[in-house]
Amino acid sequence: MFDIRWIREEPEAFDAALKRRGLDPLSADVLALDTRRREAQTALQTMQTLRNEASKAIGDAKRKDEDASELMAEMAALKDKMTAAEEAERQLGAELLDILSCLPNAPLPEVPDGADETANVCLRSHLEPRQFDFASKEHYELGEALGLLDFEAAAKLSGARFAVMRGKLARLHRALAQFMLDLHTTEHGYTEVAPPFLVRDEALYGTGQLPKFAEDLFRTTHGLWLIPTAEVPLTNLVADEIIAAEALPLRVTALTPCFRSEAGSAGRDTRGMLRQHQFEKVELVSITTPEESADELERMVGCAENVLKRLGLPYRTMVLSTGDIGFAAAKTYDVEVWLPGQDAYREISSCSNCGDFQARRMRARYRPEGDKSTRFVHSLNGSGVAVGRCLIAVMENYQQADGSIEVPEALRPYMAGLEVIAADG
RNA sequence: GGAGGGGUGCCGGAGUGGUUGAACGGGACGGUCUCGAAAACCGUUGUGCGUGAAAGCGUACCGAGGGUUCGAAUCCCUCCCCCUCCGCCA
């Protein structure tokens, strides 16, 4: 969320940030509303001062057994005006918050401008896509032929956009998740967290999914929401906290299921398990000082890339353009893995620096050393990486002519030494 | 689900409806003392918003939201959370 004081000081910069996001200028409207709100607040506070002083005087008078009825009557008369002033102040404040909480974060200066993903810029790539001397297949063809991937069973249970994995494939999926978690906790310095998968409105507001993107989420009959990513519980761990500077950076990771309604993606990626209502993901979250967040983003995307390096998967790393970055992000790197079956790179990780955008929404602050005041932290999140999509990548990149799948070296310790997944399951 | 008990500052813990942003204790920080340390003593120790160049001033906040009152941490209502016991349960 934008800082209203910053908008007051630099309305042109605010409008310029909106413009990069493809939005019309709003500073004039916002500042007019802000002025009215502050006037309402001042008016209210003036009355409160008056009331407090009068109440004190009444207390004094009563203690001395003097008559205070005149003053009391005066204050009683003030009451309606105060109620109205309170209501006006509250109303204007809510209006302003409604506007601000629906505006996306400002992109960092180095983020390339562009209308959509075609303006994303490739930073680097790793490994040449493997050349097959046979016709390579897509993951669902491989999985179904092996009898280990079952979309019909999933449809019976849950409908479209779900999958059932069996046998060695289910184990490979589990192995991938364990491997990633071990890598991040033992080599990358992240602390493992097992968070709740159901969260309150406030948590989703904090990370920016609410109020604007409710339709992308699943909500329970009890009013809790299924998390669309572990970014939500992990980042909100610092909500309403004031953290000591020495404790930063905070690095946490979690393996969780993620639930997404995929409301706006009808017809896209309908085959296979690339886009599901439920998938597992290992998430990375860092909480840093404003000075450190830029470096932390580089470090984080490095951690995500490292997963793919260890697995021997070809990928490329992209800087997203202003037209493609998410609501809360100031800058985002996508890591795209090569999928031979699709003959394309597909997103497998997305790492974002959210600056103080989320911190401001969730009041997450830290106290700089030797400083009495507080500052908002910076928050970053990234997939490290999406487990389901990574399984697809392993299947397609490690497929063999007979339809079997070689187990990448790094995963064999998690598979009891198994080297190949073949038709016998 | 049933029955009780609670939610106050960094922590513990007070608080007859009136100068309580909050006693007291602990912790932390600064200082005195000391060759140094401990002890002792003195002092400091919340967050947001508004206003101001700043110092400051004002205002709100004692789980959340309403209400009563000239005035609410204190009274009333609703909700949330935590704890104990019983039931159920992985």
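A note on names: the letters A, B, ... follow the listed sequences, proteins ahead of strands, and every chain is numbered from 1.
Here B/G18 presents its P atom at 14 Å from CE of A/Met72, a figure rounded to the nearest Å. If you take CD of A/Glu70 and P of B/C70, they are 15 Å apart, rounded to a whole angstrom. A/Glu89 has its CD atom 12 Å from the C1' atom of B/G48, to the nearest Å. Rounded to whole Å, atom C1' of B/G50 lies 18 Å from atom CZ of A/Arg36. In this structure, the CZ atom of A/Arg363 is 13 Å from the C1' atom of B/C61, given to the nearest Å. With rounding to whole Å, A/Ile4 atom CD1 is found 15 Å from B/G48 atom C1'. Remark: C1' of B/G18 and CD1 of A/Ile58 are 10 Å apart, rounded to the nearest angstrom. The distance between atom CE of A/Met75 and atom C1' of B/C70, rounded to the nearest whole Å, is 7 Å.
Under the 3.5 Å distance criterion, with hydrogens and angles disregarded, a donor-acceptor pair is assigned to the side chains of A/Glu305 and A/Thr317. When only modelled atom types and interatomic distance are considered, A/Gln342 and A/Arg346 share a side-chain donor-acceptor pair under 3.5 Å. Residues A/Ser379 and A/Gln358 bring a donor and an acceptor atom of their side chains to less than 3.5 Å of each other.
Note on A/Thr49: a side-chain N or O is less than 4.0 Å away from OP1 or OP2 of B/U59. Residue A/Arg51 has no polar side-chain atom (N or O) positioned under 4.0 Å from OP1 or OP2 of B/U59. Contact check, A/Lys62 against B/G71: no side-chain N or O comes under 4.0 Å of OP1 or OP2. OP1 and OP2 of B/C49 both lie 4.0 Å or more from every side-chain N or O belonging to A/Arg37. The side chain of A/Lys56 contributes no N or O atom lying less than 4.0 Å from OP1 or OP2 of B/G71. Distances shown here put every side-chain N or O of A/Arg90 at or beyond 4.0 Å from the OP1 or OP2 atom of B/G65. For the OP1/OP2 pair of B/G71 and a distance below 4.0 Å, the side-chain nitrogens and oxygens of A/Asn52 include no atom meeting the criterion. Phosphate proximity of B/A72 to A/Ser55: absent, as no side-chain N or O sits under 4.0 Å from OP1 or OP2.
Across the interface with RNA chain B, nearest-nucleotide mapping of A/Leu50 and A/Arg365 shows A/Arg365 to be the residue nearer the 5′ end. If you find the closest nucleotide of RNA chain B to A/Gly59 and to A/Gln48, the one lying nearer the 5' end belongs to A/Gly59.
Nucleotides B/G6 and B/G13 are separated by 14 Å at their C1' atoms, to the nearest Å. Between B/A60 and B/A72, the two P atoms lie 9 Å apart (nearest whole Å). Nucleotides B/A64 and B/U74, compared at atom P, are 11 Å apart to the nearest Å. Straight-line distance between the C1' atoms of B/U45 and B/U84: roughly 36 Å, to the nearest whole Å. Atom name C1', nucleotides B/G50 and B/G63: the rounded distance is 26 Å, in whole Å. With P as the reference atom, B/G46 and B/G9 are 13 Å apart, rounded to whole Å. Rounded to the nearest Å, the gap between the P atom of B/C85 and that of B/G27 is 33 Å. A distance of about 30 Å separates the P atoms of B/U19 and B/G5, rounded to the whole Å.
Annotated stems with RNA chain B as a participant read B:1-7 with B:80-86, B:10-12 with B:24-26, B:27-32 with B:40-45, B:46-51 with B:56-61, B:63-67 with B:75-79, given as range with range, by first number; only runs of 3 or more Watson-Crick or G-U pairs under 3.5 Å qualify.
Annotation for A/Glu291: atom CD counts as buried by contact number, over 12 foreign heavy atoms lying within 6.0 Å. Heavy-atom contacts from other residues, nucleotides or ligands closer than 6.0 Å to CZ of A/Arg21 number more than 12.
Looking at heavy-atom distances under 4.0 Å, A/Ala76 makes contact with sugar-phosphate atoms alone, never a base. Backbone-only engagement by A/Arg8 is indicated by non-hydrogen atom pairs under 4.0 Å involving sugar-phosphate atoms exclusively.
One donor-acceptor pair, N or O on each side, does fall under 3.5 Å between the base of B/G58 and the side chain of A/Gln45.
For A/Phe357 and A/Phe327, the gap between ring centers is short of 6.0 Å.
Judged by distance alone, with hydrogens and angles left aside, the side-chain atoms of A/Ser352 form no donor-acceptor pair with the main-chain N or O of A/Cys354 at under 3.5 Å.
Classification of the A/His277-A/Phe162 ring pair by plane angle, with boundaries at 30° and 60°, yields tilted.
Under the side-chain hydrogen bond (donor to acceptor under 3.5 Å, both in side chains) rule, A/Tyr366 has a single partner from A/Glu241, A/Arg375, A/His378, A/Glu246, which is A/Arg375.
Side chain of A/Gln41, nearest nucleotide from B/G50, B/G48, B/C70: B/G50.
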